[in-house]
Amino acid sequence: MTGPAVPFREIVLKVHSRCDLACDHCYVYEHADQSWRTRPKTISDHVIARTAQRLAEHAKTHALPSVSVILHGGEPLLAGPSRLRRVCEEFGAALSGVAALDLRIHTNGLQLSPRYLDLFDEFDVRVGISLDGDRTANDRHRRFADGRSSHPLVLKAVELLRQDRYRHLDLGLLCTVDIANDPHAVLDALVALDPPLIDFLLPHATWDEPPPRPDGSPTAYAEWLLAVFDRWQEEGRPVPVRLFSSVLSTLGGGPSLTESLGLAPTDLVVVETDGQLEQVDSLKSAYEGAAATGFDVFSHSFDDVAAHPGVRARQLGLAGVSETCRRCPVVRSCGGGLYTHRYRPENGFDNPSVYCADLEALVRGIQARTSAAGVSPAVTDRDELVAEQHDLTRTLLAGLHDALDGRGGARWDEAWGIAGVLESCDEGAVALDRVLAHPYTRTWLLDVLEGLHAERPEAVGQALRLPSYVAAAAVRSGLDVEVAADYRDGRLFLPTVGELRLAGPGEAGRVGVRAAGDGFSVRREGGGARTVPGGADGPDWFPVRHFAAGGAPAFALDDLDPYRDCFDSPAAPRLGRTDAEAWAGAVGRAWELLEQAAPRQAADAATTLTTLTPLLAGRNAGRPHGYGTVGLVMAEAEDPLELALALLRGLRRAGLRALLDVTDLYALDGAWEHRPPWRRNAKVPFSGLLAETYERVGLSFLAPEFLDGVPEALDMMDGAAEPTVGGMRLLRSLRDEVGGVHGTSGMNALMNAAAHDLVR
């Protein structure tokens with residue numbers, strides 16, 4: 001096992017090893033490991049103090065911001081208020097100034113009283129209560145040794161915890177699943193108690209001692225949970241359910257929210273009443289000694305336990321699950337199931353969960369029920385993608401304002417205030433939107449934010465380009481608003497408008513910029529104002545040029561923006577008039593080819609593409625930019641088909657990047673390798689296979705040979721574990737593209753002929 005051990009952020013402290021109930025499904029007393037019989041009933045002062053010291057050392061060593069201590073048993077309330085106070089005081093003192101302390105207690109609730117809750121309120125100990133549903137469901141397992149029901153006392157505890165003075169301590173309810181119970185009745189009973197959270201737990205079982213399946217169904221537990229899920233959905237999700245939230249999170253590319261599912265490494269250690277350090281105690285269901293490490297708090301640190309082979313095995317994530325699980329598409333969500341549930345005497349834990357079929361059916365069932373709602377509209381709606389991209393830019397700008405935290409001084413504040421003035425009227429808001437939506441505005445924002453995060457000294461100066469963006473918006477709006485903007489190296493650049501040379505190289509200063517007719521005026525401090533016409537080039541004025549291509553709206557030919565050098569090939573310098581006209585003409589001919597061979601793609605592009613930038617042949621370090629731009633290498637302009645393919649390639653790459661900016665299409669990228677059908681000797685991560693496939697589908701509209709291998713690649717990705725629900729929807733849309741346009745060989749031949757006719 002390679003790599004450093006994962007530090008523990010959570011310890012389960014066994015404060016009492018006996019219980020006042022006789023639950024027949026309890027892993028502590030009823031399963032394989034019976035070590036409880038030889039342990040002290042109550043944790044000692046010495047064990048408490050030593051454990052607190054060990055945890056503080058561990059937190060300090062690993063610079064942990066916070067740690068959780070869960071008081072457990074047996075039944076922890078049997079330790080009594082004095083013993084629990086000692087625990088709270090010792091851990092609070094040891095962690096003071098080292099890490100935030102999150103104290104919790106998991107209890108059956110029978111002993112809960114105001115005396116305990118006042119203590120918990122004093123130390124902010126949050127309380128989770130075990131309850132399996134209504135009385136019928138709860139009494140199936142949670143009874144006293146003489147058979148009496150525990151249900152009335154548990155309800156009394158829940159009602160006490162719900163009182164206003166204690167409500168902030170309520171962690172929620174833990175319910176162990178029994179498929180003999182009515183799933184709707186169980187959920188209704190739990191929801192009626194208005195808990196902040198419900199956590200459903202599968203009963204502990206192994207391949208040696210499998211869970212009961214009265215009707216023999218391999219998915220009986222999934223069917224039960226899906227019945228609960230359906231009821232939960234119908235009721236409008238009245239209470240968070242951790243199990244369902246975890247599956248929904250992982251389907252969307254997020255993390256698992258529970259140890260029983262997902263691939264997150266374990267960060268939990270158990271301290272028994274005698275100070276023995278153990279692995280997660282559900283392992284007691286597997287075999288005698290399964291949880292043991294041979295370590296204790298007197299002679300060993302938590303780092304010693306973290307390095308134990310049994311603990312490390314549960315920190316390997318995907319590498320720690322069986323080969324069967326690694327090949328399963330739902331492994332991101334189920335994570336191979338709870339480690340304990342994988343045990344088989346012949347080969348230990350190198351197996352799928354004994355609930356494997358249930359977990360797969362549960363994940364797929366939730367996915368089928370929620371996939372439409374879980375997919376970002378941007379995946380299928382181009383207008384929505386544009387809107388989300390714009391929201392992202394505005395969010396980044398607001399984030400920059402917060403990150404500066406006053407370091408921008410009066411110049412930033414003045415520009416920020418004028419932006420607010422522009423926002424207050426229609427003309428100004430539209431103009432400001434246009435400037436912020438400019439693709440290279442995003443590059444500027446990301447560069448500055450990265451610089452501030454890295455504490456680069458020039459970052460604040462970069463941020464103070466904001467006045468130029470606001471001035472450009474004021475000019476575009478035509479409103480009578482003057483904006484003080486900076487010129488640098490003798491040049492005033494107004495994004496989307498143009499560049500004015502005001503002084504010699506190396507000179508800097510400030511000017512007042514104001515809209516004037518079709519152009520703008522520039523006023524120097526202490527000097528007169530000068531009017532700059534908006535359209536034609538002048539000796540020291542270089543506007544951003546626009547040109548029309550086919551039936552598309554006019555595009556900006558941006559060969560000026562200082563942040564345009566963000567493509568894989570270097571940006572060309574400002575083109576002379578003749579070169580610019582020749583380049584625009586070549587792009588126009590390529591666009592006409594695109595309109596004839598791929599009219600739908602051309603129409604879609606016309607609604608989103610705003611900016612084209614000439615590039616030079618060669619390699620360049622690409623950087624992120626906003627949606628709506630494509631860079632085209634000037635050498636490609638000699639061949640209309642080559643330029644059309646480059647244009648289409650750029651559009652596809654920009655579209656996929658824009659989607660990835662606003663939604664997760666896959667997760668755990670790089671955990672698996674895939675062989676693209678068009679280059680069998682290569683291995684790429686899912687992101688690479690998706691990008692190549694997405695691009696090839698687009699290029700096939702102009703050159704059908706790019707379709708070779710695409711159906712196979714789509715099948716490969718459909719069966720992979722990486723795609724989220726949004727990613728699966730994107731794959732479906734790619735199939736629709738392929739089927740809708742390339743459905744017959746005749747259509748392919750027609751497109752090919754059209755392309756060749758235009759080239760001739």
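Given the structure is predicted, the values throughout are model-derived calculations rather than measurements. FYI, side chains are in, hydrogens and waters are out, and symmetry mates aren't considered; it's all heavy atoms of this structure.
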Pair listing, salt bridge (Lys or Arg N to Asp or Glu O under 4.0 Å) test, anchored in [range], at least two apart:
range            : value
residues 443-461 : Asp447-Arg623, Glu450-Arg456, Arg456-Glu458
residues 403-416 : Arg411-Asp486
residues 655-667 : Arg442-Asp661

Answer whether the closest heavy-atom distance between the side chains of [X] and [Y] falls below 4.5 Å.
X      : Y      : value
Leu575 : Met634 : yes
Phe520 : Val497 : yes
Pro624 : Cys566 : no
Thr370 : Val725 : no
Thr496 : Leu494 : no
Val710 : Ser700 : no
Thr608 : Arg382 : yes
Trp591 : Leu609 : yes

For Arg564, what residues pass the side chain to side chain donor-acceptor pair (under 3.5 Å) criterion, not counting sequence neighbours? none
With sequence neighbours left out, write down each residue that passes side chain to side chain donor-acceptor pair (under 3.5 Å) with Glu695, or none if nothing qualifies.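 Expected list: Arg649, Arg653.
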Just verifying a value: how many Å separate [X] [atom1] and [Y] [atom2], rounded to the nearest 0.5 Å?
X      : Y      : atom1 : atom2 : answer
Arg332 : Thr724 : CZ    : OG1   : 6.5 Å
Thr443 : Asp565 : OG1   : CG    : 10.0 Å
Ser569 : Leu615 : OG    : CG    : 5.5 Å
Leu400 : Leu466 : CG    : CG    : 7.5 Å
Leu452 : Asp402 : CG    : CG    : 11.5 Å
Leu248 : Thr250 : CG    : OG1   : 8.0 Å

For [X], enumerate each residue passing the side chain to side chain contact (heavy atoms under 4.5 Å, CB included) test, keeping only those at least two apart in sequence or located in another chain.
X      : value
Arg465 : Trp444, Tyr469, Arg488, Pro562, Tyr563
Asp391 : none
Ala387 : none

According to the side chain to side chain donor-acceptor pair (under 3.5 Å) rule, which pairs have a member within residues 371-380, sequence neighbours left out? Ser376-Glu388
I need the full list of side chain to side chain donor-acceptor pair (under 3.5 Å) pairs touching residues 532-545, with sequence neighbours left out, sorted by first then second residue.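 Listed once each, the pairs are Arg530-Asp540, Asp537-Arg574, Arg545-Asp559.
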Show the numbers, then the answer: is there a side-chain contact (heavy atoms from CB on, under 4.5 Å) between Met728 and Gln367? CA-CA 11 Å; Met728 295 300 291; Gln367 180 177 349; 4.1 Å; yes
Main chain of [Y], side chain of [X]: is a donor-acceptor contact present, judged purely on distance under 3.5 Å?
X      : Y      : answer
Ser521 : Ala529 : no
Thr663 : Leu660 : no
Arg589 : Pro640 : no

List the steps and the verdict of side-chain contact (heavy atoms from CB on, under 4.5 Å) for Leu730 and Leu656. CA-CA 10 Å; Leu730 181 64; Leu656 185 58; 4.0 Å; yes
Please report the shortest heavy-atom distance between [X] and [Y], naming the atom on each side.
X      : Y      : answer
Pro599 : Ala597 : CD-C, 3.6 Å
Ala556 : His546 : CA-CD2, 3.6 Å
Gly408 : Leu464 : O-CD2, 3.5 Å
Gly650 : Val630 : C-CG2, 3.7 Å
Ala549 : Gly588 : CB-CA, 3.9 Å

Going by side chain to side chain contact (heavy atoms under 4.5 Å, CB included), Leu397 matches just one of Leu445, Leu449, Val448. Which one? Leu445
Within 45° cone of Tyr694 ring axis and under 6.0 Å: Arg652 NZ or CZ: yes
Show me, pair by pair, the donor-acceptor contacts under 3.5 angstrom made by side chains of residues 433-441, not counting sequence neighbours?
residue, atom, partner, partner atom, Å
Asp433, OD1, His390, NE2, 2.8
Asp433, OD1, Arg394, NE, 3.4
Asp433, OD1, Arg394, NH2, 2.7
His438, NE2, Asp558, OD2, 3.0
Tyr440, OH, Thr613, OG1, 2.6
Tyr440, OH, Thr629, OG1, 2.9
Thr441, OG1, Val435, O, 2.8
Thr441, OG1, His438, O, 3.4

May I ask you to check whether over 12 heavy atoms, not counting those of Asp426, lie within 6.0 Å of atom CG? no
Dump the intermediate steps for side-chain contact (heavy atoms from CB on, under 4.5 Å) on Leu385 and Asp381, then the final yes or no. CA-CA 6 Å; Leu385 177 58; Asp381 186 330; over 6 Å; no
Result block: side-chain N/O donor-acceptor pairs under 3.5 angstrom for residues 685-693, not counting sequence neighbours:
residue, atom, partner, partner atom, Å
Ser687, OG, Asp669, OD1, 3.3
Ser687, OG, Asp669, OD2, 2.6
Glu692, OE1, Trp678, NE1, 2.6
Glu692, OE1, Arg679, NE, 3.4
Glu692, OE2, Arg679, NH2, 2.3
Thr693, OG1, Leu689, O, 2.7

Using the ring of each side chain (for Trp, its six-membered ring), is Trp583 parallel, tilted or perpendicular to Phe547, with breaks at 30° and 60°? perpendicular
If the threshold is 4.0 Å, N to carboxylate O, is there a salt bridge linking Arg501 and Glu499? yes
Whether Arg732 and Asp718 form a salt bridge (side-chain N of Lys/Arg under 4.0 Å from carboxylate O of Asp/Glu) is what I want to check. no
As a quick check of understanding, evaluate side-chain contact (heavy atoms from CB on, under 4.5 Å) for Tyr666 and Met717, giving each step before the final call. CA-CA 10 Å; Tyr666 46 78; Met717 289 186 286; over 6 Å; no
